[in-house]
Amino acid sequence: MNDVIIVGAGPAGLMTACELALAGISCTVVDRRGGESTVTRAFGLHARALEVLDARGMADELVARGNPLRTVYPAYASRVDFGRLDTRYPMLLLVPQNGTEKLLRRRATDLGVDIRHHARVVDLTQDAESVRLRLEDGTELAAQYVVGADGAHSTVRDLVDVGFAGDAYSLPMLLADVRIPASEPPPITQVGTEGVVVTLPFGDGWFRVGAWLREERDDAEFARIREAFRRIAGTDYGMSEPRWFSRFTAERRQARSYRSGRVFLVGDAAHVNSPIGGQGMNTGIQDAVNLGWKLAADLRGWAPPWLLDTYHAERHPVGSAVLAMTDHLTGLVLSGSRLRLEVNRRFMAALLHTGPGRRRILGSLSGLEFAYPPAGPGAHPLTGRRAADGPTDRGRLYEVLRAGTFVLLSDQEVPLSRRNRVRPARPLRATGPEAALIRPDGYVAWAGDRDGIEQALVKWCGPAHRTDPEGRHATA
Ligand SMILES: Cc1cc2nc3c(=O)[nH]c(=O)nc-3n(C[C@H](O)[C@H](O)[C@H](O)COP(=O)(O)OP(=O)(O)OC[C@H]3O[C@@H](n4cnc5c(N)ncnc54)[C@H](O)[C@@H]3O)c2cc1C
């Protein structure tokens with residue numbers, strides 16, 4: 001029996017596989033496609049997703065390949081300065097989704113993940129001990145846990161029957177990949193009374209262009225997109241050689257529960273939202289990093305009994321917040337009201353001038369401000385928040401996190417018996433509490449005085465004397 005089977009080799013499934021494999025858990029990914037995806041949907045990676053990828057050593061390669069934008073001029077605000085974010089990645093990184101997927105796939109393969117194609121899941125049953133999957137060709141597979149990362153039309157979600165509340169936007173988005181002659185790159189989004197047009201660079205002279213219009217017509221996609229650009233942007237930028245088209249209907253939906261027994265949902269299988277704001281893949285990658293270490297801890301036998309349920313408790317509210325934000329932005333750009341847009345732009349500009357307003361808006365768009373409820377009363381205010389990167393005696397915190405373990409930030413050593421779950425690191429810029437326990441996904445599990453360390457370690461990482469199924473450092 002497999003430890004974990006992941007259904008879907010998109011970004012969320014591949015990231016989950018990487019997390020499990022890093023923790024030494026054997027996992028298999030099954031995907032109905034015949035091979036790697038060649039189609040790109042997402043283009044934007046935000047700061048928190050980049051930080052999380054940095055915690056696994058993958059962000060800098062993406063930044064080197066992509067187009068980092070420090071300031072963007074979206075349709076819903078005059079300008080948004082991601083450059084003001086307090087992070088190693090103060091940017092919106094434009095990088096085509098298949099580039100991100102390639103990197104994740106390479107890492108998963110390097111870590112020994114078995115990725116099987118032409119493997120469509122058609123049935124799922126579970127009991128208290130295991131989950132069984134049946135593939136279209138009749139093959140039966142069993143695992144202790146299954147992760148449904150099979151996208152917006154998830155079969156896994158349907159089979160566990162957790163619902164997918166919400167609806168579809170009434171108007172489709174038209175998309176095309178075209179050449180645009182080299183000159184000043186067009187703005188990412190431009191809005192008119194007819195709707196919104198979008199231009200995203202692949203970085204090699206090709207662009208993804210899109211039009212989301214308030215009025216639907218039966219015209220051929222390319223003609224309609226060009227006309228929309230002429231009317232909304234005043235020019236079609238000389239776009240030519242269309243090589244790909246799609247008519248795509250965005251949806252706003254969320255699974256009622258991200259867990260059903262031994263089955264978990266990540267990525268678009270759990271939530272789908274409007275592409276305005278560029279959030280879907282970012283959220284899916286972070287779901288995966290939230291779930292991976294928890295599943296691994298459970299399979300290793302040292303997870304506290306409440307840990308697996310925190311996946312839904314932490315990620316469902318984030319999914320809801322992202323859905324509400326992207327829906328609000330979409331309503332604005334498709335409102336057709338110049339007045340409403342102008343009022344919103346001015347309101348956003350005023351808010352972005354104030355510290356709290358800036359933190360809230362940039363923090364939500366970038367994902368940096370999302371925090372998780374502290375596990376227990378009387379917690380330090382940092383508990384549940386993202387851990388800020390900073391130098392330690394063993395490198396930057398996000399470099400220390402690359403082992404996939406907890407990190408104890410303190411001048412105190414971690415007993416040998418715990419070293420396979422917790423790495424010690426002494427902060428070189430002591431500004432916070434005396435000690436902090438950082439989770440493998442880069443969030444603060446606990447912070448406080450040195451006296452509280454042992455209790456925090458026992459709560460999150462299990463008692464030190466417990467026999468460790470990995471066989472290392474089994475006794476204190
Ligand atoms: C136009 C557009 C623009 C976007 N822009 C952005 C952006 O800028 N930033 C951003 O973060 N997000 C963006 N998104 C969203 C982003 O593309 C998705 O959120 C992301 O692809 C979801 O990843 P995933 O791994 O959850 O699912 P997917 O990428 O959909 O992968 C699911 C996988 O599951 C497989 N599968 C499905 N059913 C089965 C089955 N029964 N058995 C086996 N395998 C199965 C599929 O073959 C597929 O490989 C955009 C989306 C669109 C449409």
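Just the heavy atoms: all of them, side chains too, but no hydrogens, waters or symmetry mates, feed the values below. When a ligand or atom number is given, it counts from 1 through the structure's own listing order. When a residue number appears, it is its place in the shown sequence, counting from 1.
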Among all residues two or more places apart in sequence or in another chain, which pass the side chain to side chain donor-acceptor pair (under 3.5 Å) test with Arg439?
->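 Result, side chain to side chain donor-acceptor pair (under 3.5 Å) vs Arg439: Glu314, Asp441.
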Name all residues meeting the side chain to side chain donor-acceptor pair (under 3.5 Å) criterion together with Asp204; count only those two or more places apart in sequence or in a different chain, and write none if there are none.
-> none
Is it the case that [X] and [Y] place a side-chain donor and acceptor less than 3.5 Å from each other?
{"X": "Asn98", "Y": "Ser37", "answer": "no"}
{"X": "Tyr89", "Y": "Arg48", "answer": "no"}
{"X": "Asp287", "Y": "Tyr258", "answer": "no"}

Could you list each N/O atom of ligand 1 together with any protein N/O atom closer than 3.5 Å, one pair per line with the distance?
residue, atom, partner, partner atom, Å
ligand 1, 8 (O), Phe43, N, 3.2
ligand 1, 8 (O), Gly44, N, 3.1
ligand 1, 9 (N), Gly44, O, 3.3
ligand 1, 9 (N), Gly278, O, 3.3
ligand 1, 11 (O), Gly280, N, 3.3
ligand 1, 11 (O), Met281, N, 2.7
ligand 1, 11 (O), Asn282, N, 3.0
ligand 1, 11 (O), Asn282, ND2, 2.8
ligand 1, 12 (N), Gly280, N, 3.3
ligand 1, 12 (N), Met281, N, 2.9
ligand 1, 17 (O), Gln97, OE1, 2.9
ligand 1, 19 (O), Asp268, OD1, 2.7
ligand 1, 19 (O), Asp268, OD2, 3.3
ligand 1, 19 (O), Met281, N, 3.2
ligand 1, 21 (O), Arg41, NH2, 3.1
ligand 1, 21 (O), Gln97, NE2, 2.8
ligand 1, 25 (O), Pro11, N, 3.2
ligand 1, 25 (O), Ala12, N, 2.9
ligand 1, 26 (O), Asp268, N, 2.8
ligand 1, 29 (O), Arg41, NH2, 2.7
ligand 1, 30 (O), Arg41, NH2, 2.8
ligand 1, 41 (N), Val121, O, 3.2
ligand 1, 41 (N), Thr155, OG1, 3.1
ligand 1, 42 (N), Val121, N, 2.9
ligand 1, 44 (N), Arg32, N, 3.1
ligand 1, 47 (O), Asp31, OD1, 2.7
ligand 1, 49 (O), Asp31, OD1, 3.4
ligand 1, 49 (O), Asp31, OD2, 2.6
ligand 1, 49 (O), Arg33, NH1, 2.7

Could you give all pairs that pass the ring pair (Phe, Tyr, Trp, His ring centres under 6.0 Å) test and reach residues 187-225, with sequence neighbours left out?
-> Phe43-Phe202, Tyr169-Trp212
